[in-house]
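Numbering of residues begins at 1 and proceeds along the displayed sequence.
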Amino acid sequence: MAFIKIQSEERRPTFLLFIMFFATVATSITGSAVRDAVFLIQFDRSFLPIMYILIAIVMAGVITVYKKLTSGKDQVSLIAISGLLFSFSLFFFQSNLTGWLIPVFYVWMEIITVLSMMQFWLLAGEVFNPRQAKRIFSLVIAGGSFAGMSAGYGIKPFVTEYGSENLLYMTILFIGLSVTMSQLVKPFRIGGQDEKDQSDTLVNNQKIKFDPYLKSIAFMVVCSAFISKIVDYQFKIMAATAFPTQNELVNFFGTYYMSTGAAALMMQVFVSGFILTRFGILAGLLILPLTIAAGSAGFFMAGTLLTVFIAKFSDQVFKFSINNAIQEILWLPFSPQKKRQSKPIIDG
């Protein structure tokens, strides 16, 4: 198991990244639960497919601008600045979530999630070298599973006590925790920051060369995102029909994230390592599409919330356990500078 192989000098940065990933995923879970419930209950849900298209267009522009503005900048400082911006914006939306601001918040929450995840993995790549990452990343990713269980379990009592409209305060709390952990992990980064900044500037001034290996990663990410959105649409529409009030829908999402978090943790501890060691990366990559295909076939035949739940469950569990770990391993052959140049574009 991964935690047995951690050396003494690796324990503290591993723990800090574990907590940071916990907070990053918890931010996404609590924020997305509010976003989805408010949009599906208070807005016209027939616009949901348009929101997917709008997010894709906006994210393309955001990633391009973000890449230009952050070229050669310190990653920890970027996380702190982003955290402040995200927190203040959520304070605003918390008390103004009506009318046309609902779809704006829907898109903005996706931007927060994508940028936060991207910033985390770029920082993690500065803490551990490729050999260390192969041993440690699976344990760090387990923080996301704990976040699913903890945040998912905590949503229902929080909503019962304070109402779903106040759940964004919990999201802001997790953003603050993530920023704090990034500051604490700063001394553990490999190499001098000045040298990294100069290398990043040189690489960013060059045109990205999409070699066959990089194209394969991009194609895999695109296909995964495309399929995930189809399943996500089916899941949200069926859920909104089954749970007609905002509090009920938020509670359902909380239960969903709690169950997927527990299942993903079981995958990471008992299954992922065995599959990668025994059968290799290719076998691990096949698990996600095969399970989604099985769940989608069930939805096609029955068309119930349970069948689409299975498809969405498979997508969430396998994507954020073995599939996520493999994707990060696939990036290890690249230098940190080229990774910081090309990964934001592909992920975005």
Side-chain angles (χ1 to χ4, degrees), residues 1-29 75-76 78-79 82-83 113-152 174-190 257 260-277 281 284-285 288 316-334 336 339-340 343-344 347:
M1 297 176 66
F3 61 83
I4 297 178
K5 300 178 182 178
I6 295 180
Q7 300 174 10
S8 57
E9 67 273 12
E10 297 171 340
R11 291 174 185 172
R12 183 170 174 80
T14 299
F15 174 76
L16 294 174
L17 287 176
F18 177 92
I19 299 298
M20 184 179 175
F21 193 62
F22 170 94
T24 303
V25 174
T27 296
S28 173
I29 288 174
Q75 193 63 36
V76 174
L78 291 174
I79 292 173
S82 299
T113 299
V114 172
L115 292 184
S116 297
M117 286 291 182
M118 182 180 66
Q119 289 173 337
F120 170 81
W121 284 115
L122 289 174
L123 178 60
E126 295 180 359
V127 175
F128 296 118
N129 60 44
R131 183 174 296 181
Q132 291 174 309
K134 289 179 180 179
R135 293 187 289 106
I136 295 172
F137 275 3
S138 60
L139 178 59
V140 171
I141 291 174
S145 300
F146 278 104
M149 291 187 294
S150 303
F174 286 127
I175 292 176
L177 178 60
S178 178
V179 171
T180 301
M181 291 300 105
S182 71
Q183 295 295 323
L184 293 176
V185 84
K186 184 176 181 178
F188 296 97
R189 292 183 298 177
I190 302 171
Y257 286 121
T260 54
L265 181 62
M266 296 292 289
M267 276 288 300
Q268 289 156 353
V269 174
F270 298 109
V271 181
S272 297
F274 172 78
I275 291 177
L276 292 178
T277 303
I281 289 178
L285 286 174
L288 179 61
Q316 187 81 8
V317 169
F318 295 115
K319 177 183 291 184
F320 293 103
S321 56
I322 186 169
N323 206 69
N324 220 1
I326 291 175
Q327 283 196 24
E328 294 307 317
I329 291 173
L330 292 176
W331 280 100
L332 293 179
F334 294 101
K339 181 179 178 181
R340 291 180 66 168
K343 195 175 191 298
D347 286 354

Engineer: For F174, does its backbone N or O pair with a side-chain atom of S178 as donor and acceptor, under 3.5 Å?
Structural biologist: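 Absent.
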Engineer: What I'd like to find out is whether the side chain of F22 reaches to under 4.5 Å of the side chain of S150, using heavy atoms alone.
Structural biologist: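 Counting from C-beta outward, F22 and S150 do come under 4.5 Å.
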Engineer: Considering non-hydrogen atoms only, spot the tightest contact between A26 and A147 and give its length.
Structural biologist: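 That would be N-CB, 3.8 Å.
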Engineer: Which heavy atom of F21 sits nearest to which heavy atom of G143, and what is that distance?
Structural biologist: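 Minimum heavy-atom separation between F21 and G143: CD2-C, 4.2 Å.
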Engineer: Could you check whether any side-chain heavy atom of M20 comes within less than 4.5 Å of a side-chain heavy atom of L123, counting everything from C-beta outward?
Structural biologist: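 Touching, per the 4.5 Å side-chain cut-off.
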Engineer: Within a reach of under 6.0 Å around CZ of F15, are more than 12 heavy atoms found that belong to other residues, nucleotides or ligands?
Structural biologist: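 Result for CZ/F15: open.
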Engineer: What are the two closest heavy atoms between V76 and R189, and how far apart are they?
Structural biologist: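 Heavy-atom minimum between the residues: CG2-NH1, 3.8 Å.
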Engineer: Kindly state whether the ring of F146 and the ring of F18 have centres lying under 6.0 angstrom apart.
Structural biologist: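 Yes, close enough.
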Engineer: To the nearest 0.5 Å, tell me how far M149 CE sits from Y257 OH.
Structural biologist: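 The distance works out to 16.0 Å.
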Engineer: Might you point out which heavy atoms bring I29 and G148 nearest each other, and give the distance in Å?
Structural biologist: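 Closest approach of I29 to G148, heavy atoms only: CD1-CA, 3.4 Å.
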Engineer: Output the distance between atom CD1 (I79) and atom CE (M118), rounded to the nearest 0.5 Å.
Structural biologist: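 Here the interatomic distance stands at 10.0 Å.
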Engineer: With rounding to the nearest 0.5 Å, note down the distance linking OG1 in T27 to CG in L177.
Structural biologist: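 Atom-to-atom, T27:OG1 and L177:CG are 8.0 Å apart.
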Engineer: Looking at CD1 of I136 and CD1 of I141, how far apart are the two atoms once the value is rounded to the nearest 0.5 Å?
Structural biologist: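 With rounding to 0.5 Å, CD1 (I136) is 12.0 Å from CD1 (I141).
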Engineer: Nearest 0.5 angstrom please: S28 OG to M117 CE, how far?
Structural biologist: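 So the OG of S28 and the CE of M117 are separated by 5.5 Å.
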Engineer: Shortest non-hydrogen contact from L17 to F120?
Structural biologist: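 Scanning both residues completely, I find the closest heavy atoms to be O-CE1, 3.4 Å.
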Engineer: Return yes if some donor-acceptor pair links the side-chain N/O of S116 with the main-chain N/O of T113 below 3.5 Å, else return no.
Structural biologist: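 Judged by distance alone, no pair lies under 3.5 Å.
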Engineer: Looking at side-chain heavy atoms only, is the closest gap between V185 and M181 below 4.5 Å?
Structural biologist: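 No - every pair of side-chain heavy atoms lies 4.5 Å or more apart.
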Engineer: For F188 and R12, work out which heavy atoms get closest and say how close.
Structural biologist: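 Reported closest heavy-atom pair: CZ-CD, 3.4 Å.
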